[in-house]
Amino acid sequence: MIAPSKKNSCSSQLCFALCAFGLVLLGDVSQAVPMDDQDYYLQEISNRDHYYSFPYPGEEFFPFTEQPGEEGPVRAAETEEHPGFKPSRKELKPKKNNKKGKAILETPPDCPPLGLETLKITDFQLHASTAKRYGLGAHRGRLNIQAGVNENDFYDGAWCAGRNDPYQWIEVDARRLTKFTGVITQGRNSLWSSNWVTSYRVLVSNDSHAWTAVRNESGDVIFEGNSEKEIPVLNMLPVPLVARYIRINPRSWFEEGSICMRLEILGCPLPDPNNYYHRRNEMTTTDNLDFKHHNYKEMRQLMKTVNKMCPNITRIYNIGKSNQGLKLYAVEISDNPGEHEVGEPEFRYIAGAHGNEVLGRELILLLMQFMCQEYLAGNPRIVHLIEDTRIHLLPSVNPDGYDKAYKAGSELGGWSLGRWTQDGIDINNNFPDLNSLLWESEDQKKRKVPNHHIPIPDWYLSENATVAVETRAIIAWMEKIPFVLGGNLQGGELVVAYPYDMVRSMWKTQDYTPTPDDHVFRWLAYSYASTHRLMTDARRRACHTEDFQKEDGTVNGASWHTVAGSINDFSYLHTNCFELSIYVGCDKYPHESELPEEWENNRESLIVFMEQVHRGIKGIVRDVHGKGIPNAVISVEGVNHDIRTGADGDYWRLLNPGEYVVGVKAEGYTTATKTCEVGYDMGATQCDFTISKTNLARIKEIMRKFGKQPISLSMRRLRQRARQWRQRR
């Protein structure tokens, strides 16, 4: 038997020692991380591809950190705490937030948001250590994301970690080198629970393996988080860091809740001319417009600039004042501004009923610039639209609310700051509820209430009624001008909603409730959605909880959520105007850098929707002398909704292609009907009427002319019978 050599003996002893040391380490790790979660962590690492890249020239990247007293750089992964690390009570103690949750740094950040809220960052770019369930996964950790009504398994209001310990994290893969500058956080959106993170660390990586914590002179920076769940809190990094990945590591949280976060990352993607994927997906615009957010003074100045550029086709006017005395300015675009031309339809866009839904406001300001420039350039499509249509653009219905949102900034106003008027009223739902009056009349089989131009109830007109001054100004504007079609631009979703907005059954909160013109409204909604770059894209992610793809980016308002007194329902039942709500983006208040792309998303849709005002029939109702008859009723057979002629006897009736039997009636005139055919080509079919006065109307007119009151036939017969009775006696 050969005795083992000294070398082999040493090797065996060394292997034994290393194995024992490994078992000790494995034991420590097992105590910190439960066995059923170890595979999850390994899977998170193994599923990511390595990304070997180098800092962009001129940018500084920090892939390593140096420990005091040690020579040379040490990988960031080696500076991470041991799995058995227990944070101190001081570190986990909730820190007092700045007052009212305002940004820690008041100076605006240099870099824009990466796009968690706008969905530029896809679900596949978001990862987390653990998740409580699918509906609380990393893909729900987006700033301002809203939970479903039931907060079900698929749509909840944040990322929530599966465990409450300081080893949890949520991570964003920017997919390219990015200069990270700041983090914005919120708690979980929920009606039933309170969860938010009160402090956290920030780490970056270039390959998702070696992580560098944001540090200062005293060590890892612990950033102050939220003090409640809705107000966003901004933290700027002490020094911008260049990397591909960024990770948020919660260190403390609301003691009666759990680890839940919504966030946005501020960063500047570095240019990479060699990467075709990024160049292919970058959106640019060739329009030379003023892409910025405009406060009230700047908005007014921009209107003046447009009017100065195009004085022959524009006019600035106001429809009233806000609660705080700010004028509600509108711009009219027409070949004869300031007057209604007989036979020319009137169109309106309004925005900013909710002051914090800013994208619609800026789109209208961009639209007026665009139309002026294209008219001057001789664009035949725009020239034709302006010459044949009187267009009204009202960009800010609620300037008081906008002012609040503007002062907070594009990412720091939360979901609702500035939504309401100064006196706390939601303008969008502040109109008279005429639906109930109509439906009660129909249910009781009484015709006291007409199917159109339903009068406003007396209680609503009283001074004590809870009606915003802005709402009263809009109603007066709607009654003064014979609008045919209108769109109110809103935000927070990507869909076009059409009336009715209120369910007919008082026992339901969601139920498809069509108008008599349902087919027309569905076409109008689809005309906008189908020409929008994203609304009908089946690949896009839902903004919050609703997937509107099954209806091609459109929805009946009542089937979404019931609302009494909406502007859409009121406009349809009180005036001739068909109004729709157009939700132009998931982000109510996008960063200024997003405006060019949002303009490209909506530009064609804004124009196409205006062109729909010329679909259907139009005409003039005259008497035998050729004079227009105002307030004549135009009815379409099979459609239980009428309209009325304007002051000059002209009318416009939106209809889809087809053949229709159209009738007209007016007080003191004979009725008339004719068949009118609507084609598929753009342009309303001319359908004029000439009606004569009834015999009774002529008799009354003759007797009034000679200063005598007409005698009714029934009274004459009674007097004749009385004389005959006296003669018989």
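For reference, positions follow the sequence shown, starting with 1.
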Classify the ring geometry of Trp477 against Tyr317: parallel below 30°, tilted from 30° to 60°, perpendicular beyond 60°. tilted
Worked verdict on Tyr349 versus Asn488 for side chain to side chain donor-acceptor pair (under 3.5 Å): CA-CA 6 Å; Tyr349 270 133; Asn488 57 87; over 6 Å; no
Evaluate the ring planes of Tyr589 and His293, with Trp represented by its six-membered ring, and classify them as parallel (under 30°), tilted (30 to 60°) or perpendicular (over 60°). perpendicular
Between Ala529 and Thr536 the two heavy atoms that sit nearest each other are O-CG2, 3.6 Å
Using atom types as modelled and distance alone, determine if a side-chain donor or acceptor of Thr513 lies under 3.5 Å from a backbone N or O of Asp511. yes
Can you tell if the side chain of His614 reaches within under 4.5 Å of the side chain of Pro345, non-hydrogen atoms only? yes
Taking Ser571 for its side chain and Cys577 for its backbone only, find out whether a donor-acceptor pair lies under 3.5 Å. yes
So, Glu228 side chain and Glu230 main chain: donor-acceptor pair closer than 3.5 Å or not? yes
Do other residues, nucleotides or ligands put more than 12 heavy atoms under 6.0 Å from His561 NE2? yes
From Lys588 atom NZ to His354 atom NE2, the distance as rounded to the nearest 0.5 Å: 7.5 Å
Given His544, which of Trp560, Trp415, Tyr583 fulfils the ring pair (Phe, Tyr, Trp, His ring centres under 6.0 Å) condition? Trp415
Could you tell me whether the side chains of Asn295 and Tyr402 share a donor-acceptor contact shorter than 3.5 Å? no
Compute whether any side-chain donor of one residue and acceptor of the other, for Gln146 and Asn144, lie under 3.5 angstrom apart. no
In Å and rounded to the nearest 0.5 Å, what is the NE2 to OG distance from His591 to Ser410? 5.0 Å
Counting distance only, does the side-chain N/O of Asn576 pair as donor-acceptor with the main-chain N or O of Arg644 below 3.5 Å? yes
To the nearest 0.5 Å, atom OG of Ser322 lies from atom CG of Asn398 at 8.0 Å
Consider only side-chain N and O atoms of Asn568 and Ser566, and report whether a donor and an acceptor are under 3.5 Å apart. no
Under a 3.5 Å threshold, yes or no: a donor from one side chain and an acceptor from the other, between His340 and Asp650? yes
Side chain to side chain, Thr515 and His641, heavy atoms closer than 4.5 Å: no
Of the non-hydrogen atoms in Gly492 and Cys543, which two are nearest, and what is the gap between them? O-CB, 4.3 Å
Determine yes or no for a side-chain-to-main-chain donor-acceptor pair under 3.5 angstrom, with Asn226 supplying the side chain and Thr185 the backbone. yes
Are a donor atom and an acceptor atom from the side chains of Tyr134 and Asp156 found within less than 3.5 Å of each other? no
Note: Val484 and Leu654 closest approach over all heavy atoms is O-CD1, 3.8 Å
Just one of Arg533, Arg540, Arg539 clears the side chain to side chain donor-acceptor pair (under 3.5 Å) bar with Asp537, so which one? Arg539
Distance from Arg615 atom CZ to Arg653 atom CZ, nearest 0.5 Å? 14.5 Å
So, Glu604 versus His532: side-chain donor-acceptor pair below 3.5 Å or not? no
Main chain of Ala468, side chain of Asn430: is a donor-acceptor contact present, judged purely on distance under 3.5 Å? yes
Is the NZ or CZ atom of Arg522 both under 6.0 Å from the centre of the six-membered ring of Tyr498 and within 45° of that ring's axis? no
Check whether the side chains of Asn323 and Asp400 place a donor and an acceptor atom closer than 3.5 Å, and report yes or no. no
Distance only, no hydrogens: is a donor on one side chain within 3.5 Å (strictly under) of an acceptor on the other, for Thr575 and His453? no
Would you say Phe370 and Ile607 make side-chain contact, with heavy atoms under 4.5 Å? yes
When rounded to the nearest 0.5 Å, the distance separating CD of Glu579 from CZ of Phe570 is 11.0 Å
In sequence, state the C-alpha distance, the side-chain angles, and the governing distance for Phe124 and His139, and then conclude on ring-ring contact (aromatic ring centres under 6.0 Å, His included). CA-CA 8 Å; Phe124 299 105; His139 65 291; over 10 Å; no
Can a donor-acceptor pair be found between the side chains of Asn195 and Ser258 at a distance below 3.5 Å? yes
Donor-acceptor contact present, side-chain Thr645 to main-chain Ala632, <3.5 Å: yes
Separation between CG of Leu438 and CG of Asp433, rounded to the nearest 0.5 Å: 10.5 Å
